[in-house]
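FYI, side chains are in, hydrogens and waters are out, and symmetry mates aren't considered; it's all heavy atoms of this structure. Lettering of chains follows the sequences in order, A, B, ..., and the numbering in each one begins at 1.
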There are 2 protein chains.
Amino acid sequence: MARTTGSHSDITGPRIRAAALTLFARYGFAAVSMRQIAKEVGVQAGALYNYTPDKQSLLVELMRDHMVELLAAVQDDDRAAPVVRLERFVRFHIGFHHERPDAVFIAYMELRNLEPENFAEIETLRRRYEGVLERILDAGMARGDFAVADAKVTTWAVIAMLTGVNTWFRSGGRLSLDRVQDQYWQMVRRMVGSVGGSV
Amino acid sequence: MARTTGSHSDITGPRIRAAALTLFARYGFAAVSMRQIAKEVGVQAGALYNYTPDKQSLLVELMRDHMVELLAAVQDDDRAAPVVRLERFVRFHIGFHHERPDAVFIAYMELRNLEPENFAEIETLRRRYEGVLERILDAGMARGDFAVADAKVTTWAVIAMLTGVNTWFRSGGRLSLDRVQDQYWQMVRRMVGSVGGSV
DNA sequence: GATTTATCTGAACAACCGTTCCAAACCAAG
DNA sequence: CTTGGTTTGGAACGGTTGTTCAGATAAATC
């Protein structure tokens with residue numbers, strides 16, 4: 001026998017990406033075989049190649065989609081006060097990353113499995129995202145609202161701290177997402193030397 | 001022919017661990033083969049099994065050694081003021097991790113490749129390290145030196161932020177290690193609401 | 001209902017995987 | 001110089017890897 005039932009072009013594609021996302025996040029790109037992905041989808045390994053030229057492309061596509069989504073979702077209104085912009089950024093980052101832990105995990109862990117040109121592409125997107133925060137910090141410094149020693153270093157510090165939430169926070173635990181966002185916003189506000197508001 | 005020259009029992013062992021450390025950090029545990037490690041050492045793959053029962057043990061040993069070293073190196077004098085203890089911790093963490101980027105990378109990235117009992121062991125060591133920082137924060141709160149909302153959350157936030165230094169900082173760049181430690185200490189001090197000292 | 005087109009199966013490919021084992025080669029002790 | 005133990009080379013094991021492809025099947029078109 002050949003195919004089992006029906007034609008599933010528009011169904012199989014997304015299912016392959018979904019399976020790859022889950023499996024890559026759980027076991028790592030290198031540890032997951034094309035046959036495992038196919039099995040999860042309910043298809044033979046060869047069929048995957050109707051949707052991706054090779055395994056590497058599957059990974060790149062997942063990472064690129066994630067980063068593009070991230071950049072589309074972050075919105076920074078530079079007419080607002082820097083403190084407001086910063087608070088929005090902090091809450092956004094935590095919320096957005098919390099909703100897609102697998103994609104976040106892959107985007108941070110599988111960079112070394114990218115071929116050079118793919119790595120460069122993803123890295124560019126990441127830097128663009130960092131740039132959003134850096135501009136907020138610059139604006140705050142220009143207005144005297146923030147007092148940070150180095151905008152770049154502070155950017156990396158804040159993002160590392162915020163992304164770290166994903167390693168321990170799960171819904172339904174001791175703390176709600178809102179509460180976590182509150183706490184991290186408090187920490188970030190203090191970090192940048194913002195004196196406005198209650199402590 | 002069999003062996004080439006000499007007997008190298010006490011040489012080969014460390015060389016295998018060193019090669020595994022470098023390769024695992026660069027390409028990931030799953031992506032590195034025993035033959036690659038052997039080649040780096042200048043030996044056949046079979047010879048590795050005089051020094052490790054299997055590939056997994058090689059990984060666990062590297063991670064355990066790193067964590068044990070870390071726990072041995074961190075020293076916290078609980079008779080000192082919490083602010084002093086915290087500053088020492090921040091500077092220590094950055095300095096220690098900067099000296100062994102490969103081991104740090106592996107210890108954070110390869111946890112998912114550990115079998116359950118090995119994972120539990122490494123996780124215990126990691127929690128013990130986090131405990132050092134958490135106790136400092138507790139002590140500072142008890143004395144009213146710090147004002148943090150949640151010691152556990154703050155612990156994770158600080159460690160994520162400090163460990164993040166390894167992703168961008170390299171010696172010989174724009175900033176010296178001392179300067180980086182200064183900046184991170186300033187950020188952490190503000191984060192915990194410590195009001196003492198200059199801003 | 002016949003023909004075309006998209007999709008999938010199942011087998012095959014060469015290469016590589018972790019691990020085992022025996023004989024060969026070496027060093028050190030007697 | 002011989003013996004004994006340690007260390008290694010090299011081949012072999014069964015199994016898995018990413019990828020290709022001809023042929024089979026189903027859906028879409030006419």
Would you indicate, yes or no, if dT8(D) has its OP1 or OP2 atom less than 4.0 angstrom from a side-chain nitrogen or oxygen of Thr12(B)?
yes
Phosphate OP1/OP2 of dG10(C) contacted by Gln44(A) side-chain N/O (<4.0 Å):
yes
Salt-bridge present ([X], [Y]; N to O < 4.0 Å):
X: Asp77(B); Y: Arg79(B); result: yes
X: Glu123(B); Y: Arg126(B); result: yes
X: Arg100(B); Y: Glu69(B); result: yes

Can you classify the ring geometry of His66(B) versus Phe96(B) as parallel (below 30°), tilted (30 to 60°) or perpendicular (above 60°)?
tilted
Parallel, tilted or perpendicular: which describes the rings of Phe92(B) and Tyr129(B), with under 30° parallel and over 60° perpendicular?
tilted
Give a yes or no on whether Glu117(B) atom CD has more than 12 heavy-atom contacts from other residues, nucleotides or ligands under 6.0 Å away.
yes
How close or far is atom [atom2] of [N] from atom [atom1] of [X], stated in whole angstroms?
X: Leu48(B); N: dC21(C); atom1: CG; atom2: C1'; answer: 15 Å
X: Ile11(A); N: dC8(C); atom1: CD1; atom2: P; answer: 11 Å
X: Lys39(A); N: dT16(D); atom1: NZ; atom2: C1'; answer: 13 Å
X: Arg15(B); N: dT7(D); atom1: CZ; atom2: C1'; answer: 15 Å
X: Ile37(A); N: dT17(D); atom1: CD1; atom2: C1'; answer: 12 Å

Just by protein heavy atoms under 4.0 Å, how would nucleotides 13-19 of chain C read 5' to 3' in B, S and -?
----BBB
